[in-house]
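Written below as structure tokens is the structure these notes are about.
Side chains included, hydrogens not; waters and symmetry mates left out as well; all remaining heavy atoms used. Below, read A as the first sequence line, B as the second, and so on, with proteins coming before strands; counting in each chain starts at 1.
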4 protein chains.
Amino acid sequence: MKTIAILTGGGDCPGLNAVIRGVVRAAVLKRNWKVLGIADGFDGLVDGPRIIPLDMAAVKGILPRGGTILGTSNRGNPFAYPVEEGGEVKLMDVSRRVVENFRKVGAEALIAVGGDGTLKIARQLNDQGMPVVGVPKTIDNDLRGTDVTFGYNTAVGVVTEALDRLHTTAESHNRVMVVEVMGRDAGWIALESGIAGSADVILIPEIPFDMEKVCQAILARKERGSRFSIVVVSEGAFPAGGGKIVQLTADQNLGVERLGGMGQWVAAEIARRLEIETRTVVLGHVQRGGTPSPFDRILGSRFGTKAVELVEQGSFGQMVALRGRRVEAVAIEEAVGELNRVDPEGELIRTAEDLGVMVGR
Amino acid sequence: MKTIAILTGGGDCPGLNAVIRGVVRAAVLKRNWKVLGIADGFDGLVDGPRIIPLDMAAVKGILPRGGTILGTSNRGNPFAYPVEEGGEVKLMDVSRRVVENFRKVGAEALIAVGGDGTLKIARQLNDQGMPVVGVPKTIDNDLRGTDVTFGYNTAVGVVTEALDRLHTTAESHNRVMVVEVMGRDAGWIALESGIAGSADVILIPEIPFDMEKVCQAILARKERGSRFSIVVVSEGAFPAGGGKIVQLTADQNLGVERLGGMGQWVAAEIARRLEIETRTVVLGHVQRGGTPSPFDRILGSRFGTKAVELVEQGSFGQMVALRGRRVEAVAIEEAVGELNRVDPEGELIRTAEDLGVMVGR
Amino acid sequence: MKTIAILTGGGDCPGLNAVIRGVVRAAVLKRNWKVLGIADGFDGLVDGPRIIPLDMAAVKGILPRGGTILGTSNRGNPFAYPVEEGGEVKLMDVSRRVVENFRKVGAEALIAVGGDGTLKIARQLNDQGMPVVGVPKTIDNDLRGTDVTFGYNTAVGVVTEALDRLHTTAESHNRVMVVEVMGRDAGWIALESGIAGSADVILIPEIPFDMEKVCQAILARKERGSRFSIVVVSEGAFPAGGGKIVQLTADQNLGVERLGGMGQWVAAEIARRLEIETRTVVLGHVQRGGTPSPFDRILGSRFGTKAVELVEQGSFGQMVALRGRRVEAVAIEEAVGELNRVDPEGELIRTAEDLGVMVGR
Amino acid sequence: MKTIAILTGGGDCPGLNAVIRGVVRAAVLKRNWKVLGIADGFDGLVDGPRIIPLDMAAVKGILPRGGTILGTSNRGNPFAYPVEEGGEVKLMDVSRRVVENFRKVGAEALIAVGGDGTLKIARQLNDQGMPVVGVPKTIDNDLRGTDVTFGYNTAVGVVTEALDRLHTTAESHNRVMVVEVMGRDAGWIALESGIAGSADVILIPEIPFDMEKVCQAILARKERGSRFSIVVVSEGAFPAGGGKIVQLTADQNLGVERLGGMGQWVAAEIARRLEIETRTVVLGHVQRGGTPSPFDRILGSRFGTKAVELVEQGSFGQMVALRGRRVEAVAIEEAVGELNRVDPEGELIRTAEDLGVMVGR
């Protein structure tokens, strides 16, 4: 009877529980293995080890739930781990402790579910002899190596629903609605939900935007008789020339460092330049939470069961990935390092522009 | 064959189309009357008159749609109407023009759907001899005279769904989530959605909050083992002592006057005082838009058909109202003037406190 | 330190967990009492007693979940309880055992959450000296004594969403869609969701329907240019004259006793009489399950906290009830016995008919 | 200025309006072409021609709406068209009339959106010299040539939501819930929604099921302590050996030919064999209607804009298709003829079995 371990690292993402459940059911029900959950990502291997036993009962009813029953790491990378020493915080390599703790746990393999950061650590640990299989996770869809991962579809759904709601209220008034959405480095969520939710302007990090042209697009709509416009802004979008340095600071006397994000800056700029009423929506973590969409539940389940298969085959250093209609194994290297960003000349941007959406240029 | 007119005034609200459809079907199908829509609230009677004929085809398929097919007024009160004269804007009484235009329209009665402002105007016009029936509307639930109006239930639903989503993601991390919701003068939306969405702290305009106690409540939760807290803040909430004067201004060089609202201020304060990560969600107009809940569709339909009955009976100066399980007629006076605010010592606050929710005191 | 017990009886209903959570939080957090859950309704007091301790951890996260964490009774009434004796099942009065078991449990009061059946038992047990407070529950809204109970609003939401979906597909084709919904004795769900979902025909138990007139209404719509009609049928609706005896039996060789319900019968009749394509939807238990609407969560929470207050005051033999905007105490007698049925001449039916809906007559 | 035409054929499918809107915006906004809609699929070219002009205003607001603003064909294939002659209906080849009518319309190309039937006709007409570009459509996901089409994702979402609701109510009782879903020839909807909604048994047309083993699986769950089971049944599933001949007929005196579907038969069989309560849900057309999911809106938009590109390039006889992450052109032949069915030995079935789902064998 084999024993395997699983952890979830990095930011939260709907579908994590589907992966965990998939791993447990494929291992316990099908193969009669034992599964141990590591609490709070790699943190649970740095201290402790902190173990959450995962039997069938432990994963009952978790498929439709957001979040992860294992928690995710908050402190960080074992190869540069913040350790307090004499009142000072230093970054230290505690990877040896992780490997030792993993041995104590008694598992033959680790399934590491996470994004760029987690997968890099997984690969390094695998190189150090700890057998690891990866499961890619990114709500922003900015990971390479897989067509898409779980969580992203849910996030696009949340934003699209908000845009649907804004449409009806925008139509009744004369206003510009600005919606700030997730996407620090990649504009996928803004782009796809903007298309699905019929946005008029979509601003993404991959295409530095020209505020003047954004305003012209809104005016042009007005001249064609549309009383309102909806602008979707990735949190990581930025004006051409301005670089990503725009920082909004408020009254320091209030002890507040940063009050508004890029969405609020864009709204304020439109209001100032066009003398038109604007309203801002900041969806924030609402995009990361809640019940995963069926697509994400299925993909998470497929990833989980496939990861167990990779462990069975001894395919360590690999991760599961969606390629077309198939879930396959690819080297973890393929996912980490460079990001999967929107191609400014690609098909999806062309679709948006064909639909009459202004993408900031 | 009678002819009646209908207009929708003030802010947007899910269920307005249900009222319009109810009026049209009850008048056209049942009584063989003619219905004329006035565009953009009382604005459509100041200029124009601007008329949208409302036959059965015009209201086909509008029941599940947010917004109002008639538009709402943007400029304002005919008794103090902004008129430009010589580059200056003056407030003038144009009510006579409204009455004249209404006569031109040829309708025997006006059904005015709107909030405090619209209903006050309706009553004044009725006093001047224009036969008006009112339909109360307020997304914030701050109108007197009726147990509740349409739109509010939908808004509570939108906020609750967001809180549900935040719960799962908050549970996976160590964070305080602050959600700013509608409610300038009354905290109903924050209070009811906070109860439904299991908020830990609810701050409303009726109970000036003590930031120190808010922080203590969050710390107390932490000590009991809860890694996160969810705080719901009415946009009109304010700290005790501070008055409603808190104004957040950002870098004036950016030409931005106001970047953050009360939600962002509370989040910043918690972060500063407790040295804990906070995240803010600003749902804004998402709360006002989108398909009305079944409750709001039914209430809107009942209000619409009842309003036609009041016209038939000649009950002018009255408005429709929900009282217990019945839709009845009450004098418009009962609704206007004072607001329907949360009673700090009432049953709903007691329920919240019994559930362990901190309400700012 | 007081100890109280709670059980949930009868059919499933969204909001039950909100009541349980409300009771636990109001008792444990606020009053430092102890709460014991009885498993599977009164069954858990007939055998056993079977106890589920309810502390704060036990009710964590249950507010948005459908069903009841306590289970509901499946066997039945302690005053006529099915007991097997010598291969035969007899109905016996086991109420004394219930009272004894309750004493063993050591609770000073029982909060009994349930419908007509459960509340009757509760009252009888209260008369026998067991201190009981009732919480009314009915998904069909057929209980007297309270304006409405939790669960009903959610059920209307599920049906309305299905009707919304049917509308768009019906519009693209030439068809009659028949939707069978819950409501054996009362047509509230059919009536309210039919209004909210823009049904063309609504058939309820309170108004025996005339199939001929139903067909005429569909034909009349066709003549006015509508290619489709949507018919909502309570499971307990029945044709005038036919009585409630219509029973559909299929090929006995298949060992099947009852294949179709009233919805399918109505669909078949329309197809036969009008030679038109019909399609049937049977939503069944989908209406009873899933996350409760915000309305039901709030009402359940208010009922739960109020029930604890009644226990505190010693108001036994009473139940909580919604009256207008207030939750109050009423005698359990007011709820049991007669049903709350739709008034065929009441305001809601008048609203439906004013909207042009055919209600079977 | 080019003129193109578009029609939608066959069954209804969420996302059709997204395609129409994509075509119109890409043609009108971007290329300054003219677009003509053909009403009711090929029917609109057999009689008439019946034309719906499609300018920007015509497609305003249709993206989130189910159905198709063009209607779909109800009579059928122009190569075997039902024509009444002397009281008798004969199938005649009216394709020449279609080609003539198309010429009258004055369009240079036709975009035909539809399933297997529509695409076959499109190819034949293209062979006869009418320039056609295809857009594949199938709610069941049973078309070859494309990874997936729009509508399917929405249908899986509707079923999954129903399964989520059933779970909570099933858990409170002792019951088997049987849900019949779409899928006459292919079991994709049952399989994917069954995985996403955590079904215990999934029966699909590709794997004739063994009723005995289905019952054993339910019993095995009971022995492991699960009080309920959820069974998802494709409408086209059938028992091994039985062939697809099972026909359920009810009392002929009621004039009813077919009351129950395969879901009801399975429920009755389980009830009979295991003496356990069962409940049936028949979602029917609810699965075909309503607002398309974001995925379907985006895919429909991409298909629509790409189809215009194909027209521009003169790539007739081709259809658009999703391959991995790209929308490409493939020959219409690739889609028609054989169906895309679930591979009983493929990865998705393996995933289901790894998760512990019983797939009928």
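- Nearest heavy atoms, D:Gly289 versus C:Thr169: CA-CB, 4.0 Å.
- Here the side chains of D:Gln264 and C:Gln264 are in contact, with some heavy-atom distance below 4.5 Å.
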Using atom types as modelled, flag every donor-acceptor pair under 3.5 Å from a side chain in residues 13-21 of chain C to any protein atom, sequence neighbours excluded.
{"from": "C:Asn17", "atom 1": "OD1", "to": "C:Ile69", "atom 2": "N", "distance (Å)": "2.9"}
{"from": "C:Asn17", "atom 1": "ND2", "to": "C:Arg65", "atom 2": "O", "distance (Å)": "3.2"}
{"from": "C:Asn17", "atom 1": "ND2", "to": "C:Gly66", "atom 2": "O", "distance (Å)": "3.1"}
{"from": "C:Asn17", "atom 1": "ND2", "to": "C:Gly67", "atom 2": "O", "distance (Å)": "3.2"}
{"from": "C:Arg21", "atom 1": "NH2", "to": "B:Ser198", "atom 2": "OG", "distance (Å)": "3.0"}

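- Residue contact with chain C, scored on non-hydrogen atoms closer than 4.5 Å, involves the side chain of D:Arg279 exclusively.
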Next item on the list: For salt bridge (charged side-chain N to carboxylate O under 4.0 Å, His left out), just list the numbers for D:Arg227 and C:Asp40, CA-CA rounded to whole Å, side-chain angles, deciding distance to a tenth of an Å, and then say yes or no.
Entry: CA-CA 12 Å; D:Arg227 312 209 292 180; C:Asp40 299 324; 3.4 Å; yes
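- Rounding to the nearest 0.5 angstrom, the gap separating the OG1 atom in D:Thr168 from the CG atom in C:Asp12 is 6.0 Å.
- Of the two parts of C:Gln287, neither the backbone nor the side chain holds a non-hydrogen atom closer than 4.5 Å to a non-hydrogen atom of chain D.
- If you tally non-hydrogen atom pairs under 4.5 Å between each of C:Thr154, C:Leu163, C:Leu283 and chain D, the highest count goes to C:Leu283.
- The residue among C:Val179, C:Val281, C:Thr280 with the most heavy atom pairs within less than 4.5 Å of chain D is C:Val281.
- Scored by the side-chain hydrogen bond (donor to acceptor under 3.5 Å, both in side chains) test, D:Asn77 finds no partners at all (sequence neighbours excluded).
- We find the OG1-CZ distance between D:Thr291 and C:Arg165 to be 7.0 Å, quoted to the nearest 0.5 Å.
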